[in-house]
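Since the structure comes first, as structure tokens, the remarks are kept for the end.
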Amino acid sequence: MAKRKTIRTIPRERAEVGEQDPQARIRNFDEVTLRFTPEQARHEADRCIECPRPACTPGCPVGVDVKGFIMKLSAGDLRGAYEVITETNLLPAVCGRVCPQENQCEGACVVGNQFAPVAIGRLERFVGDTAIANGWSSIPYIEPSGFRIGIVGSGPAGMACAADMAKAGCDVTVYEAFHVPGGVLRYGIPDFRLPNTVIDAEIANLEKLGVKFECNTLVGRLFTIEQMIEEMGFHAVFIGTGAGYPSFLGIPGDNLNGVLSANELLTRCNMMKAKDGGFDTPLPIGARVAVIGAGNTAMDAMRVCRRLGAEQVHCIYRRSRAEAPARVEEVHHAEQEGIDFHWLTAPVEILDDGKGGVRGMRCIRMELGEPDASGRRRPVVVKGSEYEFDCDLVVVAIGTNANPIIGQTSKIKLDKRGYIATDDDLATSLAGVYAGGDIVTGAATVIQAMGAGRKAARGMKRYLGLRDTETVY
Amino acid sequence: MPSHPDHRGFEIVAREDFSDVTYLLEVHHPQMAKAARAGQFVIVMLHEHGERIPLTIADFDRQKGTITLVIQAVGKTTREMQQVCRVGTHLLALTGPMGEPSHIGGQRHVVCVGGGLGVAPIFPQARAYKESGATVVAVVGFRSKDLVFWEDKFRACCDEVIVCTDDGSAGLKGNVTTGLRQALDADPEIDEVVAIGPPVMMKACAEVTRPRNIKTVVSLNPIMVDGTGMCGGCRVKIGTGIKFACVDGPDFDAHQVDFDDLMVRLKRFSETEKAALARWEEGCRLGTAQPAGK
Ligand SMILES: Cc1cc2nc3c(=O)[nH]c(=O)nc-3n(C[C@H](O)[C@H](O)[C@H](O)COP(=O)(O)OP(=O)(O)OC[C@H]3O[C@@H](n4cnc5c(N)ncnc54)[C@H](O)[C@@H]3O)c2cc1C
Ligand SMILES: Cc1cc2nc3c(=O)[nH]c(=O)nc-3n(C[C@H](O)[C@H](O)[C@H](O)COP(=O)(O)OP(=O)(O)OC[C@H]3O[C@@H](n4cnc5c(N)ncnc54)[C@H](O)[C@@H]3O)c2cc1C
Ligand code: SF4
Ligand code: SF4
Ligand code: FES
């Protein structure tokens, strides 16, 4: 047996991962971070000291057996590593790329106490990509249970719930309002962070499990949740419709042409492919763009504008860099790509060019005061610090609210903020109807949405009296 | 892409041309025909390279399982559809019914005003008001006599139909506000007016009814992408607040609507739209106008 690894014997430095040069990548939508080579993956796997009680696993919202999959990797058993991850995480190629690992698995990894933590996300992506390249999918023997399950929304929450219910032998149909499935993974997150081919591969895996996708279907309006149960023969329903109802600023100039939500920009660019040429959907491109917010959505919007040819891209955020909710890697990449960050700055007014468009913005400086309810220090206005600067496009990325359609069309109980109310099992007020993901929690993360989809599946299985076959994955 | 049962899309089962700019498409979608109600719309995508465009459900036939769209060819997409949508061809995507259905019921005397591309969308409302027991006057406006369509359909479900033409070649001479005034003067008991058409027209109708204090509903048509509340592109100013027309509307209280804002927002992409149309027309001339523009 190999000698036990300790913090003193492992490589101190992380395997260096390839990245597209910033000057080159601001002219394309190809992926920024390259995949580990097998040697790099091996090096990084060697950095895990295989803790007896791993801290990483509880750090992961779905509890991926990180140590388990890394040990398989070290042993050269990639297929085995894939099987270990997919016991808990359906979409390793996605989560490896987009999880905020620094707050989750990697944030908890003990190696991080002395060196950079094990690059768990990149290893996970390496395994996920290898699986896609080789066409692996873990399809267990499925015994039909006779139950029919309807899933509303094809984002990560819906995908995860669909997979678990299909594996439990149910006949699963996923309804999606758009003409293509994938949710935010498709319309929101750009190709340079998560290529469409990855999403296509994951959808294809679900189809191999027997899951049917019906796009162009706006549930609530074409048929209601109640009709699914009462008339359409579904034994249980899962709602994973996301939280895409964008907020605007509520300041003068909000409605000018040239002010748009990050969702609109990203949808036009990513899903409607306006960036590719030969597609009809128009895409507003500014020479000087101001993006409000500093979450993942804001970073994506800024980097998309950069790639579409904007000369200057400004980020306006009322707190400081330390409070920015985006993944650290994205902030870092955005900085490399020449985004101009205005930390501790809030917009006051968007200035009219006299023709309905935008000519600039008036901002005010902020400083950090006492911590607020979220525990973050509350930004307060610095009196007399207002200033103006020129811009011709303003992209608003300050968050989203609950989508109202299901609430408008069903008797389902909502909470005070308009999100769907659920119990601990993610059961809603309607019998047999479960909900999870952003439509329950408000905007969160891909892995949390997936975890919610799986949790709801467990609840549904109990409701239907099905044995929990989760371990078969 | 994996999607609906028929991978080619949604079949066009009938087509009628009302003029060289207005045409009707009847599309097979039994589930939608069953669900559709007056005031709702769909989003259509012609092909993979196309835009998603909103169109009102101008009629639906629950027996035949079809919905009807009446379209004015104004730009690239609507002209391309005019050229390629034949009976037996398919629309790639058709989603709906979208939007809150019109609140119909309880009104006793109603005037339904449709102008330009609003004539067809006002029809299901007129019919629904009639079915709810109201007395219904329809005022429909066209540029000239040869552009008039569906007069018989309106006559079949309304108590009175007032046709207006800009040049006076049929019915009243003048725009729909002339007809609206006439209808209001004739019946002091009118308790609701519904107006659909270009924003200028809806604004003019709102100004006719405002001094008379008659509740007026308009169906707004801002530029849309998803139609599900996700992008905020369709936001409109209503009173002091902002609403998303696709999920909060498209019907709003006309006296609260900021029409000037709507008109400015509709010009958002005018440069790109002009360029797209010019490119496409050039392609048609050269015989290379392939939808897949790559
Ligand atoms: C631009 C952007 C970048 C992000 N980056 C990251 C990141 O780097 N890392 C991370 O962890 N998280 C990120 N997030 C957050 C993450 O994507 C979401 O938390 C997650 O996708 C939520 O999943 P969901 O399944 O709940 O909903 P969604 O992904 O929103 O999917 C919901 C789906 O339901 C469909 N739908 C809605 N209503 C209906 C209806 N009535 N009928 C039928 N279908 C309907 C929608 O069209 C959509 O496809 C990002 C979000 C955005 C917007
Ligand atoms: C809820 C709703 C219902 C609608 N119902 C119908 C209908 O039943 N029949 C119909 O013919 N049209 C309808 N429209 C308008 C239709 O969507 C637009 O005409 C279409 O998107 C134009 O696309 P295009 O590519 O052909 O033209 P573009 O090149 O996009 O535009 C050409 C011209 O049309 C104007 N235009 C663009 N978008 C709109 C719009 N949303 N509304 C009004 N004018 C616009 C532009 O200002 C421009 O001058 C509706 C719009 C909405 C929002
Ligand atoms: S799913 Fe995300 S949080 Fe969990 S181990 Fe993988 S990368 Fe880390
Ligand atoms: S905490 Fe870090 S070192 Fe320990 S098992 Fe997890 S990944 Fe390996
Ligand atoms: S069309 Fe996107 S929110 Fe209404």
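Labels below follow one simple rule: chain letters A, B, ... track the order of the sequence lines, proteins then strands, and each chain is numbered from 1.
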Segment of [X] engaging chain A (4.5 angstrom heavy-atom cut-off):
X	answer
B/Leu46	neither
B/Glu100	both
B/Arg52	both
B/Met45	side chain
B/Ile242	side chain
B/Val225	side chain

Sort out for me which of A/Asn401, A/Thr241, A/Leu222 touches chain B most, counting heavy-atom pairs under 4.5 Å.
-> A/Leu222

Give the C-alpha distance, both sets of side-chain angles, the deciding distance and a yes or no for side-chain contact (heavy atoms from CB on, under 4.5 Å) between B/Ile238 and B/Asp253.
-> CA-CA 8 Å; B/Ile238 310 293; B/Asp253 175 355; 5.8 Å; no

Quick check on [X] against chain B: is it the side chain, the backbone, both or neither that has a heavy atom closer than 4.5 Å?
X	value
A/Val259	both
A/Pro246	both
A/Leu266	neither
A/Asn255	both
A/Ile405	side chain
A/Thr267	side chain

In terms of heavy-atom contacts, does NZ of A/Lys208 have more than 12 from other residues, nucleotides or ligands at under 6.0 Å?
-> yes

State whether the number of non-hydrogen atoms from other residues, nucleotides or ligands found under 6.0 Å of B/Arg79 atom CZ is greater than 12.
-> yes

Counting heavy-atom pairs under 4.5 Å to chain A, which of [options] comes out on top?
options	value
B/Lys267, B/Met32, B/Arg268, B/Arg235	B/Arg235
B/Leu94, B/Val236, B/Ile223, B/Thr77	B/Leu94
B/Gly99, B/Gly227, B/Pro101	B/Gly99
B/Ala35, B/Gly233, B/Pro97	B/Pro97
B/Lys34, B/Met230, B/Arg265	B/Met230

Validation row: B/Asp59, B/Arg127 side chains within 4.5 angstrom (heavy atoms) = yes

Sub-4.5 Å side-chain heavy-atom contact between B/Asn221 and B/Pro54 | no

Taking all heavy atoms of A/Val304 and all of A/Phe29, pick out the closest pair and write down the distance.
-> CG2-CE2, 4.1 Å

For B/Asp226 and B/Thr228, run side-chain hydrogen bond (donor to acceptor under 3.5 Å, both in side chains): C-alpha distance rounded to whole Å, both residues' side-chain angles, the deciding distance at 0.1 Å, then the answer.
-> CA-CA 5 Å; B/Asp226 54 300; B/Thr228 64; 2.7 Å; yes

Is A/Arg417 positioned over the aromatic face of A/Tyr245, cation under 6.0 angstrom from the ring centre and no more than 45 degrees off axis?
-> no

Is it true that the NZ or CZ of A/Arg186 lies under 6.0 Å from the centre of A/Phe178's six-membered ring and within 45 degrees of the ring axis?
-> no

Just say parallel, tilted or perpendicular for the rings of A/Phe234 and A/Tyr175, cut-offs at 30° and 60°.
-> perpendicular

If you measure from the Lys or Arg side-chain nitrogens to the Asp or Glu carboxylate oxygens, is any gap between B/Lys76 and B/Glu51 under 4.0 Å?
-> no

